[in-house]
> 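My questions will all concern the structure given below.
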Amino acid sequence: MAESWSKRTKAVHGGTRRSQYGEMSEAIFLTQGFDYPSAEAAEARFIEAGPDEFIYARYGNPTVAMFEDRMAQIEGAEDAFATASGMAAVNGALCSMLKAGDHVVAARALFGSCLYILEEILPRFGVEVTLVDGTDLDQWRAALRADTRAVFFESVSNPTLEVIDVAAVADLAHGVGATVIVDNVFATPVFSDAIAQGADLVVYSATKHIDGQGRALGGVILGRRAFIRKTVEPYMKHTGGSMSPFNAWVMLKGLETLSLRVNAQADTALAVADALIGHSGLARVIYPGHPSHAQHALCVRQMGKGGTVVSLELKGGKEAAFRFLDALTIARISNNLGDAKTIVTHPATTTHQRLPDERKAALGITPGLVRVSMGLEDTGDLIADFRQALEAAS
Ligand SMILES: *Cc1c(COP(=O)(O)O)cnc(C)c1O
């Protein structure tokens, strides 16, 4: 029956394991180890642990297993491995399967730490990486080779909100036998259908919308059971990137409200984009869920809604962007996203500061660009605040 549930029902009930006490709220099993009834039982468990048998929290834990099962059900994946952070998930997905001599093709518009793994770490171990404009299918076609083992991209890029066609890139990648890894943070599990669209592995930073209230770090890798258990799990459990039981509990409680929160944030994002488009202080309003976005049709086909982030490009460069940030009274200046609190970020001087100016320019990270992660405040209050701050900035 659970298979026929919609995502919203799975997000509330999926993967629940109850102890002998029948607790309503998921229990936090804050334990590293597990007591074996006998030496024989310990030996048997090390040969093969059953689905409800645990050895050590770095390998697995009942609270973490609830989160993994719930995430797998929501995403429509066979299995999942929960990680200490989103970056542990990205690193685990890539490093668990790659070896020296392999080739990887990745979209160039990436979260800074993802770019660090692809450009600095993987080449150090003999993996060759080619970066392409992820929205240009001809560039993917040209870069893919017989020895390409994996492709990696963010389905909606940060912070310029380009939408990458998951199904089309997966088709091309599968043509050369490559594994498709999608960093799906901006799509969120609510709007994602990435596994059905051809992704082999989906990774999330649970730190963002899954927690949704800015409390804990976490991540998850989703995919086919054999891959998760035979390739990802050995790498993760022996290198120490597993999720803590307490954080898994925070994420489980976050999943219960995920759909309500993310839908409300996406509706606010569309209303804000619509209200600010054409404002004299703005050169550009970028929101994939608005008809003005170049890939609006792809966004609607792939995700339904446009996600929870809007990017604004102020006329007047860095000075205007800073005046805008400093004049806001509701939105907070920070660098997380997916929080209940609206967050504004100036990527050129913070998250993407490290990039040389010509790369920032190539990625569209201009001095006037501001990323806005919509929170759960009243939409009218937010629009009024953005308007007064734009007046102050110009
Ligand atoms: C935040 C983020 C990550 C990293 O997640 P952490 O939980 O901070 O480690 C990776 N990819 C994308 C797209 C992100 O937004």
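All values below come from the heavy atoms of this structure, side chains included, with hydrogens, waters and symmetry mates left out. As the structure is a prediction and not an experimental result, all values here were calculated from the model. Note that ligands are numbered from 1 as they come in the structure, with each ligand's atoms numbered from 1 the same way.
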> In terms of atom number and element, which parts of ligand 1 are under 4.0 angstrom from non-hydrogen atoms of Lys208?
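Within the 4.0 Å cut-off of Lys208, ligand 1 contributes 1 (C), 2 (C), 3 (C), 5 (O), 14 (C), 15 (O).
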> For Gly86, is at least one N or O under 3.5 Å away from an N or O on ligand 1?
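Yes; the residue has a nitrogen or oxygen that sits under 3.5 Å from a nitrogen or oxygen of the ligand.
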> Could you list which atoms of ligand 1 come closer than 4.0 Å to a heavy atom of Gly218?
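Those atoms are 7 (O).
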> For ligand 1, which atoms, with element, lie under 4.0 Å from some heavy atom of Met87?
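Checking each atom against Met87, I get 4 (C), 5 (O), 6 (P), 9 (O), 10 (C).
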> Starting from atom 8 (O) of ligand 1, locate the nearest protein heavy atom and write down its residue, its atom name and how far away it is, to 0.1 Å.
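Atom 8 (O) of ligand 1 sits closest to the protein heavy atom Ser205 OG, 4.2 Å.
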> Looking at Glu313 and Arg284, is any side-chain nitrogen of the basic one under 4.0 Å from a carboxylate oxygen of the acidic one?
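Looking at Glu313 together with Arg284, the answer is yes, because their closest N to O distance falls below 4.0 Å.
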> Do His293 and Tyr287 have their ring centres less than 6.0 Å from each other?
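No, they do not, as the ring centres are separated by 6.0 Å or more.
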> Any idea how Phe324 and Phe386 line up, ring-wise: parallel (<30°), tilted (30 to 60°), or perpendicular (>60°)?
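Phe324 vs Phe386 ring planes: parallel.
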> Show me which atoms of ligand 1 lie under 4.0 Å from any heavy atom of Glu154.
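The list of qualifying atoms is 13 (C).
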> Show your working on side chain to side chain donor-acceptor pair (under 3.5 Å) between Asn263 and Lys305 and close with a plain yes or no.
CA-CA 8 Å; Asn263 271 293; Lys305 288 189 188 177; 2.8 Å; yes
> Can you report which non-hydrogen protein atom sits closest to atom 12 (C) of ligand 1, along with the distance?
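So the nearest neighbour among protein heavy atoms is Asp183 OD2, 3.5 Å.
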> Check each atom of ligand 1 against the heavy atoms of Thr207 and keep those under 4.0 Å away; list them by number with element.
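Numbered from 1, ligand 1 contributes 6 (P), 7 (O).
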> Hey, could you give me the CZ/CZ distance between Arg215 and Phe246, rounded to the nearest 0.5 Å?
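The distance works out to 8.5 Å.
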> Find out if a path of hydrophobic residues (ILVMFWY) with successive side-chain heavy-atom gaps under 4.5 Å connects Ile164 to Phe152.
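Different hydrophobic clusters.
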